[in-house]
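Note sheet for the following structure.
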Amino acid sequence: MDARALAALAANPGCHRRALLDAAGVDKRAVAERLGAPAPFGRSQFAFARGHSFESGVTAEGGAALIRLLCRQTGEEQPEPGSVRVPELTAAGPAARAGRTALELRAAAAAGGWSLLDHPMLSLPVAGAAVHLEPDALAVHPDGSVTVVEIKSFPILDGSADAAKVGAAARQAAVYALALEDLAEVREGALLVCPEDFSNSPTAAPLDLRKQCAATRRQLARLTRIEEIAELVPAGAGFAPSRSEGELAEAVASVPAAYAPECLSTCELAFHCRSKARAAGAVEALGRSVRGELGGLRTVEEVLKAARSEQEPADDPAAAALRRAARLRDAALAEAACR
Amino acid sequence: MTEQAGTRHASVVDAVLRDTLHSPERGVVVDSPPGAGKSTLVVRAARELAAAGRRLMVVAQTNAQVDDLVDRIATADPNLPVGRLHSNEPDPYDPLLDAHESVRTSAKPADLAELGVVVSTAAKWAWVKTESPWPQAIVDEAYQMRSDALLAVAGLFARALFVGDPGQLDPFSQVGAGQWAGLAHDPSVSAVGTLLAHNSELPRHRLPVSWRLPASAAGLVSSAFYPYTPFTSGTSPGDRRLAFEAASSGSAADRVVDEAAASGWGLLELPERHTPRTDPEAVAAVASVVRSLLTRGGLAYGERSPEPSALTQARVAVGTAHRDQAAAVRAALAAAGFPEVTVDTANRLQGREFDVTVVLHPLSGRPDATSFHLESGRLCVLASRHRHACVVVCRAGVARLLDEHPSAEPVELGAEVAFPDGWEANHAVLAELAEHTVRTD
Amino acid sequence: MSLISVLARAEAAESGRAAPLATVRHRHLAEHPLVLVPLTTAGEDAAPLGALVGTDRGAPRLLTVPQPRNRELRSTFLAALAEEVLPHIESAADEVEYVERKETEPETGKKVTVQAELCLDAPQLLVPNPAGAEFLRLLGRATRFRRTAEEDAQAAHPSPPRVPLLGRWLSHYAERARVPGSSLLLPVTELLIRHWATGQSTLEDQHLTALLAWIAPPTGTTGEAAAFHAELARDERGQLLVPPAGPSTDPAFDNTLLGPAIDRFDAGVADAAADLARLVEAQLRPTWDAVWQAVDLLRALPPAAHLPARWKRDRHSYTHHRDRVRAGEPPQPRRDDAVTAARKLVSREQSQAELDAQEALDDPLTMAERRLAGEAFACEVLDVTMAYSEGKRPMPRPLVTCRSEDGPLPGGTARLHRALPSGGEQRAEVTEHGEVFTVRLTNGMGRSKEPAEGSVPEPGERLCWTLFEHAPRGGPGLPEPEATPWTHGGPPAQLPEPPDAFTPEDRL
């Protein structure tokens, strides 16, 4: 599980299936493939290459370019050329790298002046286990405080950027900020670095993380209650992709999902959940907003039955409204047909 | 009234008036939490500006607000001539204003030109053309005003005092305005937002005391909706009291009313169920609470007078999120014999004050929370209209609904982050209400 | 979502075929629209990979960029695109009618009536989806500030001659597309979604071919099955059988087919450019055909009555931009100043209100939604009592009593509106509320004492009163940008905008 997956938990916190599989570290992509509903997510080599070239350009020059962008945002004085420390962070294995990062963070704060930690490793306890996270960069200010740096390859055009992508970047940065809380004084604002306009040269914008940090904290707190969900899974069931399709489907089905079409772009299992939701005739498969005025009616069949009912329903206002909607609709279609 | 609160309030008011009359800056901004004496401040500023010989235009957002201000100014100073500029629509202003000799009404600005104070809505002011701008304006409810509405009238005045409540509902637009998000002059944000983005040096003040909210409510409303700008109640626990001559029948409605009378808050919780907006059981529950309030000989004791005042239909209001809910409650109350109880949506209750309010919780019975229902300003308006007590009617299950709400909001670069977060504010209110819960039988 | 739309979706889910959401076509469709299907290169928002473009469904022009990172090849593409798009856009510029317009004379400040040109038609652009329209906006932004060699002899990378002009027009069309009800530039998915409800969600409706599968399922299959196939079916090489409608390509296509093809082009392999063009065309062609299929489906719907009135506004918009270009004005600025932004917001809100009203008046199914929402009341006329206004010249002000079919008219409703049989809007003041309600008609009855023929309903007649106005009036207007007040930062700087700075592109 990485920061992106942790941040994505907020996309559908009501889904027990996703919460449990993520907390248990199950490879959802493999499970989905085994269930015959692979997620069509992939990354183009062109996007990858451009993102990579942009990021390496940003962190080049011993971090000086990045610190310049940061100072321009915060109004701090630009460091002397060559004075930015870029500590070596390599170590064997993620745990050792996280330890090394923690050490270097303390050292950087003690040293005063600017430091840039390029691809450090952080560790965050999630549902009882340590998850390792790798932010793009962390900048340590002369006062010892730390700014999370998110480097993204979508452009900032004339000062604005795709709000959905900025939102995702902010949620991801918030996960890093939380992982840093015990190690350093983290600034409330992260630095978002993106290509400027249509060029490949970097520009930056501040990201206020207060809301995202609060939301992520809530999600992580929920994950610690995961045992309650896990009790739903019958003993002996497991999610190893090596199991037979039938066994796996049964194990997955034992954890309730909260499918909504928004899942299709954020969860690897979504196409499996969609086919189940459609087969059950769940109204959520038609969109979250569809449910709003349907009250207790949960399936397409129930909705249509209420709409076509000959009798005025005694006590269900949703059914009564549907019946009236159906009458109005039929009359309008008939009127149009006569024209 | 606590003496200390009075002193703090007075010193802020003095500073506001000093800046308004003497500061070299062109604008002064005053943030006023619910019931913090905003209208009184506006009336006082108007009188002092008039006394100083500075021609004044007052901009409010609705005709009801304009009529209320004109009435207050004319009542406070019957010798100060006030113009009420109105529209050409039928019934353009409250006929009560005709009772004031000092008030002149007209749809033509020229008729009112030589008056020291002229009051109108932003919409009407936008049609006014003038060769000689007013030296001074007061813009009331400035956080409710949209930036483009200020743009339409700002050419009419040289300087202005902006007064409003930042915690209430933000202005909105019927069409997408995302392309301007983050610009200092985004036309869809509040007038104060644009003003401060361009004029960050303007003096800003904050009224520190709510005279409306009782001690039981000020703390919660302040921490839930004004996390970075706290305020306190002007009254102490015990200064206000609600009593009923008839004893409780033991019904859920009577019990929740008694709980609210004793503690300032009550939650009447209905069994968990998904319902459409106009949930007949919830509407009936609201009506039963209103009936309990109005048929048991309610008496409100307060700091203003040693004698209690009777709790009448005029002193009770019902707040909802949607218009159809308000219509359903109105019909239920009319049938129950309480046609004069104010029933309205949060938008229309902004700026109003009652002894007791009954609120149909915006998330009651919903299968999902939307940003509309979560908007903290909506809940803030509903939870801050009362002088004595507030009873919330809600179906069980809202806490879980909140927990399951996706928080994958888009973020516009450069746009001011709105605080508080609706989610946090909703949870804070629920946590308080949980202590005062009565379940229907 | 209204319950009527929910029902339509539920019906579609049950039957496997889309259900109607409209009984008429609510957007203008030109006789000869220019269809533009673009593709971009992943990782860069405004880097074109190719496009199919044209007005002849049988003979689209294919344009490709064999190496999307190559600035010169991109320029060549843009120049070719300009040669395809600009003749279409300019085709309506010279045929005009004259309309009267009020103007303020600068010297006297008097309002005078002047004759102004209005183009008889405006060229229409169709793209597959909103992302395609957004791509045109980006392309417009990327090119409108560029300088040609003629404008700037020193430019390091001069733009081909007509490309900045293309940028200005694309920018104009993309900005106009943000106006509710406008039809200069339309994404066809939006058109289809307005007129049909599928048995899937609106998010899934964004996939053009899946959407079409629900509306017109191929014989022998259901909409759901056909949509599923369109979304997900792949061949043995992992390629989607139905390529996405763009402008983004499928990553599997990029990595398996396009990447190697570009590598061969870079290596100078013979015919590599032609191979690549064939590859890109195979991705584009299904979408091109789908767009035209959508056009056929939409043309089968009868046009809504208010379409010519709304299209006239599009013609005004087109004419206005033509005039700006002809007058040699500079390209649209990167960001709107305070006054321009506020004007756009206000006028779009007005357009939205007008669109909502017109769609309801034109289409009983849309009016049914408004009735369900309590914003319109169908009724039968029970009684008409003649009455007159007071004053020197009494005017007819008849009282009309109606029985509502849509529940009681709520108290507090002051005014109602209805469409007169002769066209135009009649207003009425409500004198009594309830299931049976009474209104006083206040206009639309002519100037004489006797009401004009057909302007007062008869007992027994069915009417539909609306709470909303049919032609919402505009506001009082805003100051000129030069008079921007201090609250909004004062007047904006009047500097011509420089082109985008040249940067050494691509460290690849």
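Per chain, numbering begins at 1; letters A, B, ... match sequence-line order. All heavy atoms count here, side chains included; hydrogens, waters and symmetry mates do not. Keep in mind that this is a model prediction, so the values were computed, not measured.
Rounding to the nearest 0.5 Å gives a distance of 12.5 Å between CG of C:Leu372 and CZ of A:Arg327. Taking CZ of A:Phe48 as the start and CG of C:Asp254 as the end, the distance is 14.0 Å to the nearest 0.5 Å. Note: C:Thr256 OG1 to A:Gln45 CD = 8.5 Å, rounded to the nearest 0.5 Å.
Among A:Gly287, A:Pro155, A:Ser289, the residue with the largest count of heavy-atom pairs under 4.5 Å with chain C is A:Pro155. Of all the listed residues (A:Leu304, A:Val303, A:Leu333), the one sharing the greatest number of non-hydrogen pairs under 4.5 Å with chain C is A:Leu304. Ranked by non-hydrogen atom pairs under 4.5 Å with chain A, the options C:Thr41, C:Thr366, C:Thr23, C:Leu365 are led by C:Leu365. Taking chain C as the reference chain and counting heavy-atom pairs below 4.5 Å, the highest number among A:Ala47, A:Ser56, A:Pro38 is found for A:Ala47. With chain A as the partner, the residue from C:Arg9, C:Met1, C:Glu405, C:Glu14 showing the most heavy-atom pairs under 4.5 Å is C:Glu14. Among C:Ala378, C:Ser2, C:Gly259, the residue making the largest number of heavy-atom pairs under 4.5 Å with chain A is C:Gly259.
Within 6.0 Å of the CD atom in A:Glu301, the count of heavy atoms belonging to other residues, nucleotides or ligands does not exceed 12.
When heavy atoms are compared at a cutoff of 4.5 Å, C:Arg335 approaches chain A solely by way of its side chain, counted from C-beta outward. Only the side chain of A:Arg308 comes within less than 4.5 Å of a heavy atom in chain C; its backbone stays farther off. Interface residue A:Leu286: backbone and side-chain heavy atoms are both found under 4.5 Å from chain C. For C:Ala252, no part lies near chain A; criterion is any non-hydrogen pair under 4.5 Å. Looking at A:Ala321, the atoms closer than 4.5 Å to chain C (heavy atoms on both sides) sit in the backbone and in the side chain alike. Heavy-atom distances place both the backbone and the side chain of A:Glu262 under 4.5 Å from chain C. Contact of A:Arg288 with chain C is not made at all, since no heavy-atom distance falls under 4.5 Å. Both the backbone and the side chain of C:Pro20 come within contact range of chain A, with heavy atoms under 4.5 Å apart. At a 4.5 Å heavy-atom cutoff, the contact between A:Leu322 and chain C is made by backbone and side-chain atoms alike. Heavy-atom distances place the side chain of C:Leu203, and not its backbone, under 4.5 Å from chain A. A:Phe154 does not touch chain C: none of its heavy atoms, backbone or side chain, sits under 4.5 Å away. Within the 4.5 angstrom heavy-atom criterion, no atom of C:Ala197 approaches chain A.
For the pair C:Leu138 and A:Leu157, the minimum side-chain heavy-atom distance is below 4.5 Å. In this structure, A:Pro40 and C:Arg234 have side chains that are in contact, with non-hydrogen atoms separated by less than 4.5 Å. Put simply, the side chain of A:Arg278 reaches to within 4.5 Å of the side chain of C:Gln200, judged on heavy atoms. In this structure, the side chains of A:Val283 and C:Val6 stay at 4.5 Å or more apart for every pair of heavy atoms.
Heavy-atom minimum distance, A:Phe271 versus C:Leu232: CD2-CD1, 3.5 Å. In this structure, C:Pro251 and A:Ser44 approach most closely via the heavy-atom pair CB-N, 3.8 Å. Nearest heavy-atom pair across A:Leu328 and C:Ala368 is CD1-O, 3.8 Å. Across every non-hydrogen atom of A:Val300 and C:Ala10, the tightest pair is CG1-O, 3.5 Å.
Of the possible donor and acceptor atoms, one in the side chain of C:Asn255 sits under 3.5 Å from a partner among the backbone N and O of A:Arg43. With hydrogens and angles ignored, the 3.5 Å screen pairs no side-chain donor or acceptor of A:Arg50 with any backbone N or O of C:Glu44.
Salt bridge annotation for C:Glu11-A:Arg329: present, with a cationic side-chain nitrogen under 4.0 angstrom from a carboxylate oxygen. The pair C:Asp406-A:Arg324 meets the salt-bridge criterion, since a charged nitrogen lies less than 4.0 angstrom from a carboxylate oxygen.
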| task | Could you check A:Asp197 against C:Arg141 for side-chain contact (heavy atoms from CB on, under 4.5 Å), going step by step and ending with a plain yes or no? | result | CA-CA 10 Å; A:Asp197 298 346; C:Arg141 164 64 185 81; 3.8 Å; yes

| task | May I have the step-by-step check of side-chain contact (heavy atoms from CB on, under 4.5 Å) for A:Arg274 and C:Glu204, ending in yes or no? | result | CA-CA 11 Å; A:Arg274 179 176 80 169; C:Glu204 291 151 305; 2.7 Å; yes

| request: For side-chain contact (heavy atoms from CB on, under 4.5 Å), just list the numbers for C:Thr249 and A:Phe46, CA-CA rounded to whole Å, side-chain angles, deciding distance to a tenth of an Å, and then say yes or no. | output: CA-CA 11 Å; C:Thr249 48; A:Phe46 304 115; over 6 Å; no

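Chain C is approached within less than 4.5 Å, heavy atom to heavy atom, by A:Gly159 from residues 159-166 of chain A, ordered by number.
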